[in-house]
Protein chains: 2
Amino acid sequence: MQPAVLRPGFSDPPVQSAHDRVYRGLRLQVMHGELLPGTALTLRGIGKSFDVSMTPAREAVRRLTAEGALTMSASGRVATPELSNERIEELASIRALLEPELASRALRRAHLALIGRMESINEANARAVHRQDAVDYIRTNLEFHRTLYLRAQSPAMLGLLETVWLQLGPTMRALYARLRRTAAPPHHRLILEALRAGDDAALRLALRTDVTQGLRHLAVYPGEARA
Amino acid sequence: MQPAVLRPGFSDPPVQSAHDRVYRGLRLQVMHGELLPGTALTLRGIGKSFDVSMTPAREAVRRLTAEGALTMSASGRVATPELSNERIEELASIRALLEPELASRALRRAHLALIGRMESINEANARAVHRQDAVDYIRTNLEFHRTLYLRAQSPAMLGLLETVWLQLGPTMRALYARLRRTAAPPHHRLILEALRAGDDAALRLALRTDVTQGLRHLAVYPGEARA
DNA sequence: CATGCGCAAATGTGATCACAAAACGCGCCG
DNA sequence: CGGCGCGTTTTGTGATCACATTTGCGCATG
């Protein structure tokens with residue numbers, strides 16, 4: 001609303017612009033599954049919740065729509081995407097294409113500290129499962145994967161993958177609500193073992209199955225099929 | 001400028017919004033290599049050239065920046081991307097990952113009419129080479145590939161690939177100016193033959209080599225290395 | 001009770017403006 | 001002759017406003 005004097009002295013975060021704050025905030029909400037598929041958003045509402053005018057809200061939405069994190073109806077209404085089964089399977093196969101490649105590239109540069117960090121994230125993930133905390137489950141699961149892929153030193157490929165995660169965010173949340181998972185993701189241990197062994201083929205396979213297993217059951221049941 | 005009464009009766013193109021016109025226009029310019037790497041753009045300039053105010057220009061730029069078609073400096077200056085060698089190679093390997101997959105998916109649905117259309121596009125491509133027309137060369141080359149991939153019925157994967165093409169647009173143009181290609185792309189014939197033969201492995205290989213051959217020489221020479 | 005009409009509220013779009021920061025150029029000084 | 005500083009211009013940002021469209025709800029009607 002008001003000019004919002006952006007903390008004159010401080011510079012810890014390099015003073016991000018208003019639309020960037022909105023962008024990052026919405027992006028995390030979508031990626032972590034805080035919003036269910038089909039959730040409607042309004043520019044004025046977004047602006048109000050981030051305490052900015054419509055202008056930065058519109059830019060953030062435009063950006064997120066370009067990444068597939070949000071959809072816009074013909075009349076400009078904004079909502080989180082409701083994916084068809086075909087689309088879900090397609091996005092899963094893109095993950096199955098990109099993630100083994102990223103993991104393989106990371107393998108050469110992986111060191112023990114990295115594996116240790118992944119194990120600790122995996123434990124947090126298991127706790128989220130036990131706590132039945134869908135958002136935290138998704139968040140730690142993605143963090144587990146991203147921690148590995150960051151080592152691949154392939155920013156463009158990782159960026160592409162993140163847009164895929166973004167598109168799947170609300171749907172992943174909906175899935176979690178459906179299957180009430182009781183056990184931790186079973187393939188993370190295989191990933192860690194392959195990493196320790198330096199086994200490229202096993203690592204690729206572990207990721208492919210982790211990704212497709214997690215999403216194969218995402219498909220909506222026939223009765224609730226969506227356009 | 002003025003309210004622009006959007007052709008009351010006509011509906012051939014479903015009356016696109018102003019920012020969409022700007023978006024599409026800029027997108028084509030970038031993807032087809034009409035702008036060299038590092039070309040600076042201004043919101044007011046874009047607005048003027050499309051006869052709209054800054055607002056739709058900003059939204060179009062935001063969208064294109066999200067797709068990697070444009071870059072924004074910390075101060076918000078907009079320009080076409082100047083890719084590092086590492087980035088070029090990474091984007092090439094992404095193409096090498098996605099395009100054989102799309103081609104393989106298209107193979108099952110390919111029919112003779114499709115191959116015929118691709119041959120005719122390929123001839124236009126050869127004419128562009130003979131004419132030394134860089135933009136038309138890039139345009140017909142992408143059209144050749146896209147015509148095939150459309151048959152894959154994998155909109156998400158194709159969308160991802162198009163953002164990669166978008167990022168490479170200006171660089172492809174710069175390359176063309178450097179190597180003064182005299183012969184048509186050599187692997188298109190292999191692609192067509194594999195399609196006719198229904199040979200999946202040969203098709204994948206033909207695409208992988210077409211994509212990497214075309215881009216392997218894109219790397220900037222040491223003397224002109226970029227950050 | 002279901003259905004359709006119509007009005008009021010809500011919403012996205014684009015133009016315009018004020019402002020701060022950055023970029024640029026010109027002239028001064030060493 | 002080269003580098004530096006200062007003022008002008010350019011440029012992006014965000015707020016606000018008017019407007020057209022759409023949405024949604026309530027009421028009247030069959």
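Lettering of chains follows the sequences in order, A, B, ..., and the numbering in each one begins at 1.
Take B/Glu67 and apply the salt bridge (charged side-chain N to carboxylate O under 4.0 Å, His left out) test, not counting sequence neighbours, and it matches B/Arg27.
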Could you go through nucleotides 10-12 of chain D and list every protein N or O atom that sits under 3.5 Å from one of its N or O atoms, giving the distance for each pair?
| from | atom 1 | to | atom 2 | distance (Å) |
| --- | --- | --- | --- | --- |
| D/dG12 | OP1 | B/Leu43 | N | 3.4 |
| D/dG12 | OP2 | B/Leu43 | N | 2.9 |
| D/dG12 | N7 | B/Arg44 | NH1 | 2.9 |
| D/dG12 | O6 | B/Arg44 | NH2 | 3.2 |

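Taking the six-membered ring where tryptophan is involved, the planes of B/Phe144 and B/His188 are essentially parallel, since the angle between them stays under 30° and well short of 60°.
Using a 4.0 Å cut-off between charged nitrogen and carboxylate oxygen, B/Glu59 and A/Arg58 count as a salt-bridge pair. Between B/Asp210 and B/Arg95, none of the side-chain N atoms (NZ, or NE/NH1/NH2) sits under 4.0 Å from a carboxylate O, so this pair counts as no salt bridge.
Between the side chains of B/His145 and B/Tyr149, a donor-acceptor pair is found at a separation under 3.5 Å.
Taking 4.0 angstrom as the limit, B/Ser53 places a side-chain polar atom (N or O) nearer than this to OP1 or OP2 of C/dA15.
Rounded to whole angstrom, the span from the CZ atom of A/Phe50 across to the P atom of D/dT13 amounts to 18 Å. C/dG12 atom P lies 16 Å from atom CZ of B/Arg63, rounded to whole Å. For the pair B/Tyr23 OH and C/dG14 P, the interatomic distance rounds to 15 Å; values are reported in whole Å.
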For side chain to side chain donor-acceptor pair (under 3.5 Å), just list the numbers for B/Ser154 and B/Arg105, CA-CA rounded to whole Å, side-chain angles, deciding distance to a tenth of an Å, and then say yes or no. CA-CA 8 Å; B/Ser154 304; B/Arg105 291 179 175 218; 3.1 Å; yes
